[in-house]
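Here the structure is laid out as structure tokens; the discussion comes afterwards.
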Amino acid sequence: MARLDTLGAISEVPGQLTRRYLSPAHVESIRRTEAWMVEAGMAVRTDPLLSLFGRYEGKAPGRPAIMIGSHLDTVVDAGRYDGGLGVLAAIAVVAELARAGERLEHAVEVAAFGEEEGSRFSAHILTSSALIGVVKPALLDIRDASGTSVREALAAAGGDAKAYRACARRKGEIAAYLELHIEQGPVLEAKGLALGAVTAINGSVRSTVTVTGFAGHAGTVPMGSRRDALTAASEMILGLERLATAEQGLVATVGRVKVLPGATNVIPSRVEFTVDMRGPDDAVRRQAHTRLLADLRRIAKQRAVGIDVDTFQENPAVTLDAGVVEVVGEAIAACGQEPFRLPSGAGHDAGIMAKLCPSGMLFLRCKNGISHNPAESITVADADLGVHALLEAVRGLDRRLG
Ligand code: GLV
Ligand code: MN
Ligand code: MN
């Protein structure tokens, strides 16, 4: 918990936690975490996209690894447990194995991924995607709000975009992946449970919508003669809210809106907004997204504004490995807790890793289900249970995978 406080203080912005991918604060968090890995008995390295890995060998060196971990980047004005908990708990697990002189059949590798959030480049789950070899070079050309590309940011931070293919691991090199994460929702707390075994991760789609109107004088253009990009976008955003509300299990969010030229006395000529839509059922989500696109075009036509939609990322829903879910349940039970199962509404690196190897997740209760908010909070007792359950699950996977 003290380390989570230390990590939580490494930020781009004084007075709040903002640690976006490849920012000086993110690089500092990698260096800090690297030192904790070494102290716990691991050999460390970073890959070209600056995922950090710490390796604790098994009974014989070079064996396939059970990978455990999470991400070090955060959203803007974040809580200190989303991502950080999974990385530091994984280090605590290895520290305990090393302290007890315990070597497993498998190596244990701790992973600290980057740009899981997509809060700098909108390319979320980026470095775990590179690990499984599905990063397309165009993703590295995405620019942040200040115009810096992933490639340029990597060069400045000591990474190497040109070598991105070298991030990819061979099938078989990683035997399983396991991630401890705060639930980021209210289910465990409502059930009075500290831990849960995650069964599935919702699918998601992310788009940028650009609405083009016509700038004009706020004092002279009559209301009926305007092509206001912002009022058109407002109608679109409220329509999106109605659409998602009507569909069981579907959620949709507009988290960023940019208004140009952005002056009090000028009718907005251009608005860009993001859409993040998620749900457990890919078919329902795709249908809703198609309906959304039709609604946007209808509203644009009615209001005589231009519209362009760039759908830049889609991740199908993921069913986590039944064997890993069972092992996680057994580990929770071994800690004296009910092995409750639940799905994840949030995206996670585990959802990407599941394409490479059997993967699972362990959720930990957080106060009032609050996350992506500085009010994120967990208890010491729950964190202790979480680390013990993660250690038990690693041992369980080691036995099960043989
Ligand atoms: C990550 O937190 C996501 O689900 O957006
Ligand atoms: Mn996270
Ligand atoms: Mn997050």
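Numbering starts at 1 and runs along the sequence shown. Both counts, for ligands and for their atoms, begin at 1 and track the order of listing.
- Between Ile66 and Glu109, every side-chain heavy-atom pair lies at or beyond the 4.5 Å cut-off.
- The Mn ion (ligand 2) has no N, O or S atom of His348 closer than 2.8 Å.
- Counting only distance, with no hydrogens or angles, the side chain of Arg270 and the backbone of Leu230 share no donor-acceptor pair below 3.5 Å.
- Less than 4.0 angstrom separates some heavy atom of Glu116 from each of these atoms of ligand 1: 1 (C), 2 (O).
- The environment of CZ in Arg63 is crowded: more than 12 heavy-atom neighbours from other residues, nucleotides or ligands sit within 6.0 Å.
- Taking every heavy atom of His372 and a limit of under 4.0 angstrom, the matching atoms of ligand 1 come to 2 (O).
- Atoms of ligand 1 lying under 4.0 Å from any heavy atom of Arg206, numbered from 1 in the order shown and given with element: 5 (O).
- Asp82 contributes OD2 and His372 contributes NE2; the angle these two atoms make at the Mn ion (ligand 3) is 90°, rounded to 10°.
- Within ligand 1, the atoms closer than 4.0 Å to a non-hydrogen atom of Ala346 are 4 (O), numbered from 1 in the order shown.
- For Arg169 and Phe53, the positive end sits near the middle of the six-membered ring, less than 6.0 Å away and at most 45° from its axis.
- A salt bridge between Glu376 and Arg365 is absent, with no side-chain N of the basic residue lying under 4.0 Å from a carboxylate O of the acidic one.
- Residue contact check: Arg278 has heavy atoms under 4.0 Å from atoms 3 (C), 4 (O), 5 (O) of ligand 1.
- Ring centroids of His124 and Tyr21 are separated by 6.0 Å or more, keeping the two rings apart.
- Restricting Glu117 to its N, O or S atoms, the one at the least distance from the Mn ion (ligand 3) is OE2.
- Considering backbone and side-chain atoms alike, Glu117 places an N or O below 3.5 Å from some N or O of ligand 1.
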